[in-house]
Amino acid sequence: MPAPKNTFKQALAEGKRQIGCWLCFAEASTAEIMGSCGFDWLVIDGEHAPNDIRSIRDQLMALANSTSHPVVRLPVGETWMIKQVLDAGAQSILVPIVESAAQARELVRACHYPPKGVRGVGATAARATGFGTVSDYIQTADQEICLLVQVENRAGIAALDEILEVEGIDGVFIGPADLSTDLGFQGNSAHPEVRAVIADALHRIKAAGKAPGILGTTEEATQSYADMGAQFLAVGLDVMILARNARELATHWKAK
């Protein structure tokens, strides 16, 4: 039995737009709810949300029967962290703050078994292999891993063309908040200069045959990114969705 087919990776390769959302609660119950909402992909955020390997595993379990594909964002691109989340059953990962082709190549190596990479061969007792029931996992896993890298500062933008030449990178995600701050606009991702950099980056990513991705947190920003050609497009965060709707509900009824 081979590793499960990564339908998200396949959709990106086919050029299909994938609409996603961020999971920031670090709770399996909210991940399960979000998994019932119809998004194509959901990010389990290990960078800014209070996640550890156990909560990431629990959310992967909660999404196991969902049609929404889980993407795990790591805190940093460390080989040991990549190994842990892959063994926990993730097939798609998002790595923040990628600034060079050399760094991107090391991430590719971390996602692959020897001789192509350096991933530790210990998944037989892990969730990734169904605890040993996926008999051909080690022989077939590499081709089903989807590696997305985040470019979100001036160094990353400067190295973007070289990063795009790295074989094994499936997509490049532009981080608008970090990028705008590093460009001197303190989180103002709507600034015309920032939007111009984002538009150019998304165009270059697509032209290189990789999938361009980004997160929008307002209707205007999300539509702008869609018009720029973002392919894997996140349209919100679960915490913001709850907070916004709860505040509107409270305001509405307290005004009665």
Side-chain angles (χ1 to χ4, degrees), residues 3-9 11-12 17-78 80-96 123 125-134 137 144-148 150 173 175 177 213-219 222 232-254:
K5 187 70 177 178
N6 187 332
T7 55
F8 177 70
K9 180 184 176 85
L12 294 186
R17 174 163 287 169
Q18 300 290 285
I19 300 299
C21 196
W22 237 249
L23 304 182
C24 302
F25 283 110
E27 295 289 346
S29 57
T30 51
E32 188 174 24
I33 292 169
M34 294 297 290
S36 71
C37 295
F39 292 105
D40 297 311
W41 58 292
L42 293 167
V43 173
I44 300 171
D45 190 1
E47 183 183 15
H48 294 299
N51 274 301
D52 58 20
I53 189 61
R54 288 177 180 270
S55 65
I56 289 171
R57 176 204 60 191
D58 291 350
Q59 288 169 88
L60 290 170
M61 292 169 64
L63 293 170
N65 295 320
S66 171
T67 57
S68 301
H69 182 82
V71 175
V72 175
R73 180 162 75 166
L74 297 165
V76 292
E78 292 287 346
W80 68 270
M81 290 184 183
I82 293 172
K83 175 170 61 178
Q84 282 197 333
V85 298
L86 294 182
D87 282 358
Q91 286 188 298
S92 299
I93 64 170
L94 175 61
V95 180
R127 186 173 176 273
T129 65
F131 308 102
T133 60
V134 182
Y137 179 84
E144 302 302 336
I145 301 301
C146 179
L147 174 58
L148 309 171
Q150 253 180 264
F173 182 93
I214 199 166
L215 164 67
T217 57
T218 68
E219 178 77 15
T222 305
F232 61 106
L233 177 61
V235 298
L237 301 88
D238 57 358
V239 169
M240 290 181 65
I241 292 169
L242 173 63
R244 181 178 62 245
N245 284 278
R247 288 164 185 158
E248 289 177 355
L249 188 63
T251 299
H252 173 77
W253 285 104
K254 288 179 73 173

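All residue numbers refer to positions in the sequence shown, counting from 1.
- The two atoms that bring Gly46 and Pro75 nearest to each other are O-CG, 3.2 Å, heavy atoms only.
- Taking both residues in full, the closest heavy atoms of Ala3 and Tyr137 are given as CB-CD1, 3.8 Å, listed atom of the first, atom of the second, then distance.
- When side chains are defined from C-beta on, Val95 counts as touching Leu147, because their heavy atoms get closer than 4.5 Å.
- Nearest heavy-atom pair, Ala64 versus Arg127, reported as atom, atom and distance to 0.1 Å: CB-NH2, 3.8 Å.
- Atom OG of Ser92 and atom CG of Leu12 lie 8.0 Å apart (nearest 0.5 Å).
- Considering CG of Leu60 and CD of Gln91, their distance stands at 10.0 Å, rounded to 0.5 Å.
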Would you mind writing out the side-chain donor-acceptor pairs for residues 235-249 within the sub-3.5 Å range, not counting sequence neighbours?
residue	atom	partner	partner atom	Å
Asp238	OD1	Cys24	N	2.8
Asp238	OD2	Cys24	N	3.1
Asn245	ND2	Ile241	O	2.7

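- For the pair Ile44 and Val85, the minimum side-chain heavy-atom distance is 4.5 Å or more.
- Residue Gly35 comes nearest to Ser68 through the heavy atom pair O-OG, 3.8 Å, listed as atom of the first residue, atom of the second, then distance.
- Under the 3.5 Å distance criterion, the side-chain polar atoms of Ser55 are left unmatched by any main-chain donor or acceptor of Ala26.
- Residues that satisfy the salt bridge (Lys or Arg N to Asp or Glu O under 4.0 Å) test with Asp40, not counting sequence neighbours, are absent from this structure.
- In this structure, Glu78 has no salt bridge (Lys or Arg N to Asp or Glu O under 4.0 Å) partners at least two apart in sequence or on a different chain.
- Annotation: side chain of Lys9 is not in contact with side chain of His69 (no heavy-atom distance under 4.5 Å).
- For Trp22, the ring pair (Phe, Tyr, Trp, His ring centres under 6.0 Å) partners are Phe173, not counting sequence neighbours.
- The side chain to side chain contact (heavy atoms under 4.5 Å, CB included) check on Lys83 picks up Asp87, with sequence neighbours excluded.
- Side-chain contact between Val43 and Trp41 is present, with at least one heavy-atom pair separated by less than 4.5 Å.
- Sorted by first and then second residue, the salt bridge (charged side-chain N to carboxylate O under 4.0 Å, His left out) pairs with a member in residues 52-73 read Asp45-Arg73, Glu47-Arg73; sequence neighbours excluded.
- Annotation: the span from Leu74 atom CG to Gln84 atom CD amounts to 10.0 Å, rounded to 0.5 Å.
- For Ala125 against Phe131, the heavy-atom pair with the smallest separation is O-CD2, 3.6 Å.
- Contact check for Gln59 versus Leu42: no side-chain heavy atoms found under the 4.5 Å cut-off.
- We find the CE-CD1 distance between Met81 and Ile93 to be 11.5 Å, quoted to the nearest 0.5 Å.
- In this structure a side-chain-to-backbone donor-acceptor pair under 3.5 Å is missing from Glu32 to Ala62.
- Proximity of Leu148 to Phe232: side-chain heavy atoms (C-beta onward) are separated by under 4.5 Å at one or more points.
- Shown here for Gly132 and Thr129, the closest heavy-atom pair between the two residues is N-OG1, 2.9 Å.
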